[in-house]
Amino acid sequence: MEQKRLIYMDHAATTYTKPEVVETMMPFFTEQFGNASSVYTFGRKSKAAVETAREQVAKAIGAKSDEIYFVNGGSEADNWAIKGIAWAHRDKGNHIITTKIEHHAVLHVCEYLENNGFEVTYLSVDENGLIDLDELKRAITDKTILITIMFANNEIGTIQPIAEIGKIARERGIIFHTDAVQAVGNVAIDVEKMNIDLLSLAGHKFYGPKGIGALYIRKGIKIENLIHGGGQERRRRAGTENLPGIVGLGKAIEMATENLEEHNEKIRKMRDRLLNGIMEKIPYTKLNGHPEKRLPGNINVSFKFIEGESLLLMLDQLGICASTGSACSSGSLDPSHVLLAIGLPHEIAHGSLRLSLGDLTTEEDIDYVLEVLPKIVQRLREMSPLYEDFIKKGEN
Amino acid sequence: MEQKRLIYMDHAATTYTKPEVVETMMPFFTEQFGNASSVYTFGRKSKAAVETAREQVAKAIGAKSDEIYFVNGGSEADNWAIKGIAWAHRDKGNHIITTKIEHHAVLHVCEYLENNGFEVTYLSVDENGLIDLDELKRAITDKTILITIMFANNEIGTIQPIAEIGKIARERGIIFHTDAVQAVGNVAIDVEKMNIDLLSLAGHKFYGPKGIGALYIRKGIKIENLIHGGGQERRRRAGTENLPGIVGLGKAIEMATENLEEHNEKIRKMRDRLLNGIMEKIPYTKLNGHPEKRLPGNINVSFKFIEGESLLLMLDQLGICASTGSACSSGSLDPSHVLLAIGLPHEIAHGSLRLSLGDLTTEEDIDYVLEVLPKIVQRLREMSPLYEDFIKKGEN
Amino acid sequence: MYSDKVMDHFMNPRNVGEIVDANGVGEVGNAKCGDIMKIYLEVEDNIIKDVKFKTFGCGAAIASSSMATELIKGKTLEEAWNLTNKAVAEALDGLPPVKMHCSVLAEGAIHKAINDYRIRMGLEPWEDNITDLDDHHHHNNE
Ligand SMILES: Cc1ncc(COP(=O)(O)O)c(C=O)c1O
Ligand SMILES: Cc1ncc(COP(=O)(O)O)c(C=O)c1O
Ligand code: FES
Ligand code: FES
């Protein structure tokens, strides 16, 4: 069980930054480093680079470039969108609608707002992780000021019917934000056609740099600032512009959306081979998330009778990077709120494994995982009293 | 008047990132890119790099490493510090003390809090930009929960008596935050000796990368989060860690504080030669800021009878990058609030020029500026009706 | 930020200076706002024979002064009076929105100088519909 190769199957957590992207960023560290908000020519060249990146981001999601605001990442984008809309529109109402399966960057903001006078409806999802559009419609009251529903889920990969949600929001005159941190670079997005009013994205999920993201804010939408101070980002987001980061984000999103279908096709094929292999070779395994409406690189399965952290540790010994919804790996009390929301019992949620494929994934990686994973699961099961009980009692 | 060389005298706005710093960052883009919050070995290596950087930052300011929280920049650090303390301690009081010469990242946060039930005292400063410690003492009430006073001013370079302020705050049991964005790398800082409870810093001011900074929070200080979400930064600042940025920040702050005195000595000498030359060669010029208690690289002067933006444009034609407190350059209503606070009449504030020297500055740069600046000022004065009046009427 | 035209007129301003025996002088603006513009006219037979300016202000203010003086040189007083700040800005290939007020100064200074001439000639001053040029801040986010 010796192996040095890195088999990176955690692209949903973060991706490497593509060499082409790093190359684009390089001149902005030591050469073209001038403050983009300054008067002199040297600074105006930085400004021009920022504006080019803004256009690249806008184009990738069907927005206009003056609707794009650069921020530090997905969490800041979500915090700004939700708090900013809540505070700016609290005179109109104090009700927000979201789902039970949002990322913590949305959920914890909603909890924060609940502690500050807002009411939040958390829509449930079906066993595949999809919301029910009728439940959404029924949840709307005349106090509803914001609907925030993620584009694609980071754990189980389920893609929501965003255009339909946007349509409902638009018809009722409610602002619609979507956390598209997992979707950008994996799903075609058009904020116009989909009636999206605000959209969060983060560079490090699509082979761009870490520490940079963007919030799209539809023109005319009133929003409060989150970071007050200098007049950067048209007075909406203070702070000296992260020039290399912004340039890298622009390049990365352009690359990611240019070859979207081709890239997805390749990833999806490998994903399906891996998934089918797992389902075939490992009994008592459940697929989590929607069988079709899911991110092309996402696999989320639960292996009955075992616990995820120990699984991750064994995989790690073989150089395989993955993640789990088990509470044991995060030191928290409960397993993943997403897995509970799709109706998994705690013990099944604990045995979950997420393998997220991406540009670093090779066919050899798939072969290798298909070779070692069944053995590891079997080994852990042989250590498990649950498995022992099950074998003794027969299937229940 | 032809010249292509870049004479960068705007180090206070932003610095280039040192090649050594960029080099340290490089492996973290494409190779060691794993999520620092993940379980597997590959991620734990990222975690280790983050913790090394945390120690580097802590050491540079005399803190413990578990008192350092990475954020996106100076503005975020200021926003978090001030809002976070205000919200967490509002049960104890609603009064905050600051100064009239803070950066907008502090002032606009204070204005925001004023709109949300807080009361803010803005201490005045003398003609050199120093606060009056007695005025500070008198401003304290039993509702005062926070004193936030900048370490060194970004426009005029004046350095406040931080240790004395810290002592007063400590004696009265009030939390003390200092915006040290301009001070780090230019002034020796020891949060223990100076009784600082919170301190903001930003990498791009001391030859580190843009888009990364840190907030020091003394152990035991209660503070609310600004960015809610995932459990990063010991549950206080959500968001996937900006790995290359953090590593670069650590390297840069180490380099900046290692050679602090030597570096300052060199910069100060050049600064003094430039300043003395300007004062000698250009009549009707006023030095803004404290003559001694000022940042080593800072020059801020007002040339009577002319306006700063046109001065910057002419300097720019010669490749000289500088900045001004004139309203005309920012499109705002009034000239710099800092220059008004030290008592400059509007028209003198409009004629201000900041030259901030740093590692890119050479003796040739000084010679060159001393050669061309007097001519430019003279040229603009010859166009100025104010100068004409003055010459006709004699000095007033 | 600025067009090449603006930069040209800023770096090489036309008609800078003073006409010692001008027969029409107008000054507008306020040092407090960071902008003062002064126009000197030499009028002969209702024609602007010569014009000079002095300006304390930003690049746009100096370039507007330069362009405006170019545009009225050799023109009749009526033609000069009808020169709008928009025409000045257009002749400069445009100004950034926050800088439009700097061209208003040029229009205002010319009006003042023309009326100064008319008063010196014992004529009624023309009615000027630009107000507040002296003590009103123009640095709004237009
Ligand atoms: C004193 C001071 N505080 C805060 C800031 C804001 O820092 P940043 O632009 O990195 O957000 C700056 C720099 O612009 C500064 O000079
Ligand atoms: C769906 C979703 N939202 C928000 C975030 C937060 O983004 P970041 O970690 O860049 O702040 C993530 C990733 O961690 C995510 O997957
Ligand atoms: S069994 Fe150890 S944390 Fe869950
Ligand atoms: S003179 Fe102030 S902006 Fe033009």
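Basis for what follows: all heavy atoms, side chains included, without hydrogens, waters or symmetry-related copies.
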Return a table of donor-acceptor pairs under 3.5 angstrom between the side chains of residues 47-62 of chain C and protein atoms on other chains or two or more places apart.
{"residue": "K54(C)", "atom": "NZ", "partner": "E382(B)", "partner atom": "O", "Å": "3.3"}
{"residue": "K54(C)", "atom": "NZ", "partner": "E388(B)", "partner atom": "OE1", "Å": "3.4"}
{"residue": "T55(C)", "atom": "OG1", "partner": "S65(C)", "partner atom": "OG", "Å": "2.7"}

[X] atom [atom1], over 12 foreign heavy atoms within 6.0 Å:
| X | atom1 | answer |
| --- | --- | --- |
| K286(B) | NZ | yes |
| E127(C) | CD | no |
| D4(C) | CG | no |

Any residue meeting salt bridge (Lys or Arg N to Asp or Glu O under 4.0 Å) with D367(B), in chain and number order, not counting sequence neighbours
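D367(B) satisfies salt bridge (Lys or Arg N to Asp or Glu O under 4.0 Å) with R273(B) once adjacent residues are dropped.
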
Once you round to the nearest 0.5 Å, how far does CE of M383(B) lie from OG of S66(C)?
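The distance works out to 9.0 Å.
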
Quick check on the structure: residues of residues 37-46 of chain C within a heavy-atom distance below 4.5 Å of chain B, by number.
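K38(C), Y40(C) fall under the 4.5 Å cut-off.
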
Given a strict heavy-atom distance threshold of 4.5 Å, which part of D316(B) is in contact with chain C: side chain, backbone, both, or neither?
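Contact with chain C is absent: no heavy atom of D316(B) under 4.5 Å.
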
At a 4.5 Å cut-off on heavy atoms, which part of Y387(B) comes close to chain C: side chain, backbone, both, or neither?
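The answer is neither part of Y387(B).
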
Measure distances from P96(C) to the heavy atoms of chain B and classify the residue's part below 4.5 Å as side chain, backbone, both or neither.
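Neither part, no heavy atoms under 4.5 Å.
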
How far apart are the closest heavy atoms of K99(C) and C328(B), and which atoms are they?
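Shortest heavy-atom separation between K99(C) and C328(B) comes out as NZ-O, 2.5 Å.
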
For H108(B), check side-chain contact (heavy atoms from CB on, under 4.5 Å) against everything at least two apart and list the hits.
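Per chain and number, H108(B) pairs via side-chain contact (heavy atoms from CB on, under 4.5 Å) with H228(A), H104(B), E111(B).
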
